[in-house]
Asker: 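Questions regarding the structure given below will be posed in turn.
Proteins get letters first, then strands, A, B, ... in listed order; numbering begins at 1 in each.
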Number of protein chains: 2
Amino acid sequence: MPKAYYIGTFIHSLSLTTLEIVEHGIICVSNGVIKSIHRVGKDYSESDSTLPPSVLLQTLGHDDSNNTPPPTIHITPKNHFLFPGLIDTHIHASQYPNLGLFGKTTLLDWLNKYTFPLEASLADPVRAKRVYSHCVRRSLQNGTTTAAYYATQSARSTNILTDVLISLGQRGFVGRCAMDSDLQPEWYRDMSPEAAEEDTSACVAYCKKADQSGRVRGVVTPRFAPSCTRETLCRLGRLLAAGEQEGLLCQTHISENKSEVELVKELFPECSSYAQVYDVYNLLTPRTVLAHAIHLTEEEITLVKSRGSGISHCPVSNMALGSGNLWVRRLLDEGVKVGLGTDVSGGYDVNVLEAARMACLVSRSVAEGGVTEDGKGEDSKISVEEALWLATRGGAEVLGLEGKVGGLEVGMVWDAILVGADEVPFDHTPNGRGNGVKMPTEAHHEGKKSKIGGKVDFFGWESWEEKVAKWLYSGDDRNIRSVWVGGELVFQK
Amino acid sequence: MPKAYYIGTFIHSLSLTTLEIVEHGIICVSNGVIKSIHRVGKDYSESDSTLPPSVLLQTLGHDDSNNTPPPTIHITPKNHFLFPGLIDTHIHASQYPNLGLFGKTTLLDWLNKYTFPLEASLADPVRAKRVYSHCVRRSLQNGTTTAAYYATQSARSTNILTDVLISLGQRGFVGRCAMDSDLQPEWYRDMSPEAAEEDTSACVAYCKKADQSGRVRGVVTPRFAPSCTRETLCRLGRLLAAGEQEGLLCQTHISENKSEVELVKELFPECSSYAQVYDVYNLLTPRTVLAHAIHLTEEEITLVKSRGSGISHCPVSNMALGSGNLWVRRLLDEGVKVGLGTDVSGGYDVNVLEAARMACLVSRSVAEGGVTEDGKGEDSKISVEEALWLATRGGAEVLGLEGKVGGLEVGMVWDAILVGADEVPFDHTPNGRGNGVKMPTEAHHEGKKSKIGGKVDFFGWESWEEKVAKWLYSGDDRNIRSVWVGGELVFQK
């Protein structure tokens, strides 16, 4: 791969509360890794056609004396910025076709009514390929460069998801759902703890063989405590320990819903808490991703923190299934790792940005009561900056990829997106109605040859901070123009 | 206008809990009004190219013996359906450019920091035209056929919004914000109660003169109790009473936020409640639209009910500003009229569908506590059917347009939208990566020449009920293909 220079505006999180906005920057990427970052005063982004590339490269000190191939140069258009790829720490690819279907159910009846029948049907490989391909493309299209997927109980079907990920170039984790308890329907479960372990191992091994780059990796995935027998949890804990050296991850669900918490109490009376169930089976580790975690007690939070496990916050799903509102601020204050998950199809949108905006909204609901006895209050609100940190840096930490993805820093891989929006035109003279009337974005596009459209409207007077906020609240896939993973362009509008 | 026949699938609310889904229907529209509706067994929608129009018209009994112009025939494509136009009962067109901007503010500081400066700036007519045109087009593009707008304090600027509405063909109400109390900034308020009344009257008269069809009408708009002096409230009450004959409406805000409720108590100590403030000034009438109404007491609900006023539920805004969760079920059970409002830019989306889906989500939060002492519980949940009723029939009732818009019935005007989505292709063989890789919707579109795209994905096995649910949860402007108001096509993709 030749060197690539990205010239223009870039934005990323420096800390939970701070976005760095570099209006005029130059990022050099070589072999998929960020080699250098220049923060310059001059606006190269506007000089598209006038600045000779040779002058530019000289300015940058590019060495063209030897026979290296000429670098590629990407110049960020007006009202566009480079941003780290979004990270989805929890998504069920197999449930994608059920987006938006949940009736009035909550977690446990939703699983039986909507989820298990669909997942089971993906034993059909043609169907599995159709569903997984579409889901992963939609995810990429929305700017997600890394995702932690659940597939189904079927190893064969799970491996199809692995193939799709490798083929489409998304960084990701693929988990086969281990689930052998008799709470699962008979027609959709592992036949024994041995089978549960064996199929999990086989799927992890499949990833390792199919993608030696390590971009796509298997992940130990006990569906959730009530789906697994003690024996299976025990075996999966051993599997996880055996994979410590190579950084094998574990993902599961915890305390999503009050009835579920009660159920775990009934099923595991010997454990003092839900978190303890995972802990006693050695599944609560620094490489464990726990989805939801809404109803954790203080003791459980302390335990999760001490084990170094991370939380995948899935606010869209939590709202949709009426699971409750996670008090994210408490977890952040305690120093627990937190990222965002779309939780398709408990969540109804594959877009991490929707999860980020809902994280802001839910935090306002948490704050709404004013300062309460337990300390909830104004401070509970998640800001735009914090939501975007969760969607990038936070997710990277949760998935054990901090220092590698989630920011724009020298040494990190080039997992990035180009985000953009249009400016609202002045020429708005209504010109008649009826058949064929032109709408503003269309008319605008014809004139400007923009391909983007979307809901985000810049009027031209916004600061970059405001542009970012508008993107967070109104952005959709139309604002994602290019997506790179490991330096490779994997999607372009 | 020649007669028009709409042939294919149509869907609308029969009652709060029932959607009528007519897979094969024929609707005849003449002079903008629905003349007849046939529910037929045969699938005309698939016979686009094969069924001769003359046979079809014969079947329908169309009289072509005299010299009437030949009718136009619209055939609904596969995976498309006709639906009543959406109704937005509360939107501030003047705040459109601030979509997504609110930082961590809540209502009262948000008004001063973000809202008033922007609204004041629209005294510039060039700016006003740009903002209003874009907002109304976006609203139409999202399928809103009727909207109740707030403009600004400036009468001149408000009249520009009226011009834009007339020109673009949306049905709507235009309100100039009356606001003369010293809680308003000096640089943005009415100079006296006389001026407040005079400018309100002038704007109402302007609509009447500019649009004799009555499609665009003025509306008495005391911004909210704290913005108005007693004298102004009194004058506006008289104005409203004088307009009773011709159905003049009133719109304002109520009980959005707890601090606001406290403020009203301080400002109007002689009134026993917020609702009573409006009542004593004769502003609580069957023609009054009250936005938000989150924190109403039971006494206030009884009062609102007895006066026949309607509530505009704005859940997106309520979440975004952390105002609280309206318990919609209680209002519905009490028989209070309820519709939906986007409340741009407290709400961050001009799409009524976003308000409808958030109404579902918020109702689940309300229900989440289980059955509480005050009766909240599972029954609080709003279903897909109910959300769509609120977005159409409910809105029509609130705006005094029941029987005219909000449903597809003989005698109603043809305010309708054509909704559609794509089917996920089977041909998903990943074919390489890098520059120029085709994404599914693009590839799909090339093959099928679909112009729609969007987030809603049909796999082909969904029932119509499921298709509607998917549209509710994932739909955006891309799924709105055509929009008619009064029989006239005002937007087409």
Side-chain angles (χ1 to χ4, degrees), chain A residues 96-97 99-101 103-104 126 129-131 133-134 137-138 140-141 164 167-169 258 319-325 348-349 357 361 364-365 367-368 370 378 381 383-384 424 426 428 430 433-437 439-440 455 457 459 466 469-474 476-477 488-492, chain B residues 96-97 99-101 103-104 126 129-131 133-134 137-138 140-141 164 167-169 258 319-325 348-349 357 361 364-365 367-368 370 378 381 383-384 424 426 428 430 433-437 439-440 455 457 459 466 469-474 476-477 488-492:
Chain A
Y96 183 85
L99 274 189
L101 305 182
K104 286 186 178 182
V126 174
K129 193 172 178 197
R130 183 181 184 213
V131 168
S133 299
H134 199 66
R137 285 172 196 248
R138 284 289 200 193
L140 274 173
Q141 199 177 4
V164 166
S167 170
L168 294 175
K258 285 176 187 165
M319 285 291 288
L321 292 175
S323 302
N325 293 333
Y348 53 81
D349 200 320
R357 81 185 138 234
L361 300 190
R364 282 157 178 265
S365 275
E368 195 255 323
E378 281 297 301
K381 290 183 185 171
S383 66
V384 167
V424 173
F426 273 97
H428 248 320
R433 282 180 270 159
N435 232 317
V437 62
M439 290 304 295
K455 292 154 60 178
D457 284 319
F459 281 78
E466 290 176 331
K470 285 192 162 194
W471 172 54
L472 175 64
Y473 277 101
S474 306
D476 63 27
D477 55 285
E488 202 174 341
L489 185 68
V490 294
F491 169 71
Q492 188 170 39
Chain B
Y96 184 86
L99 275 189
L101 305 183
K104 287 185 177 182
V126 173
K129 191 172 179 196
R130 183 182 184 211
V131 168
S133 298
H134 199 66
R137 283 171 197 249
R138 284 290 201 193
L140 274 174
Q141 199 177 5
V164 165
S167 170
L168 293 174
K258 286 177 188 164
M319 285 292 286
L321 292 175
S323 303
N325 294 334
Y348 53 81
D349 201 321
R357 76 185 143 238
L361 301 189
R364 283 157 178 265
S365 274
E368 195 256 322
E378 281 298 300
K381 289 184 185 172
S383 67
V384 168
V424 174
F426 273 97
H428 250 319
R433 281 183 269 160
N435 231 319
V437 62
M439 290 305 297
K455 291 154 63 179
D457 284 320
F459 281 77
E466 290 176 332
K470 285 191 163 195
W471 172 54
L472 175 64
Y473 277 101
S474 305
D476 62 27
D477 55 286
E488 201 175 340
L489 185 68
V490 293
F491 170 70
Q492 188 169 40

Asker: In the structure I gave you, are the side-chain heavy atoms of B/Tyr348 and A/Arg357 within less than 4.5 Å of one another anywhere?
Answerer: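 Side chain of B/Tyr348 against side chain of A/Arg357, heavy atoms only: contact under 4.5 Å found.
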Asker: Of the listed residues (B/Ser383, B/Ser474, B/Ala469, B/Ala320), which shares the most heavy-atom pairs with chain A below a 4.5 Å separation?
Answerer: B/Ala320
Asker: Between B/Met319 and A/Met319, which heavy-atom pair has the shortest distance, and what is it?
Answerer: CE-CE, 3.7 Å
Asker: Would you call B/Asp477-A/Lys455 a salt bridge at under 4.0 Å N-O?
Answerer: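 Result for this pair is no, no salt bridge flagged.
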Asker: Would you say A/Arg138 and B/Asp457 make side-chain contact, with heavy atoms under 4.5 Å?
Answerer: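 Yes. Closest side-chain heavy atoms under 4.5 Å.
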Asker: CG of A/Asn325 to CG of B/Asn325: how many Å apart, nearest 0.5 Å?
Answerer: 8.0 Å
Asker: Who pairs with B/Tyr473 by side-chain hydrogen bond (donor to acceptor under 3.5 Å, both in side chains), at least two apart in sequence or on another chain?
Answerer: none
Asker: If we ignore hydrogens and angles and just use 3.5 Å, is the side chain of A/Arg130 paired with the main-chain N or O of B/Phe459 as donor and acceptor?
Answerer: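 Checking the backbone N and O of B/Phe459 against the side chain of A/Arg130, a donor-acceptor pair under 3.5 Å is found.
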Asker: Which heavy atom of B/Lys470 sits nearest a heavy atom of A/Leu99, and at what distance?
Answerer: CG-O, 3.5 Å
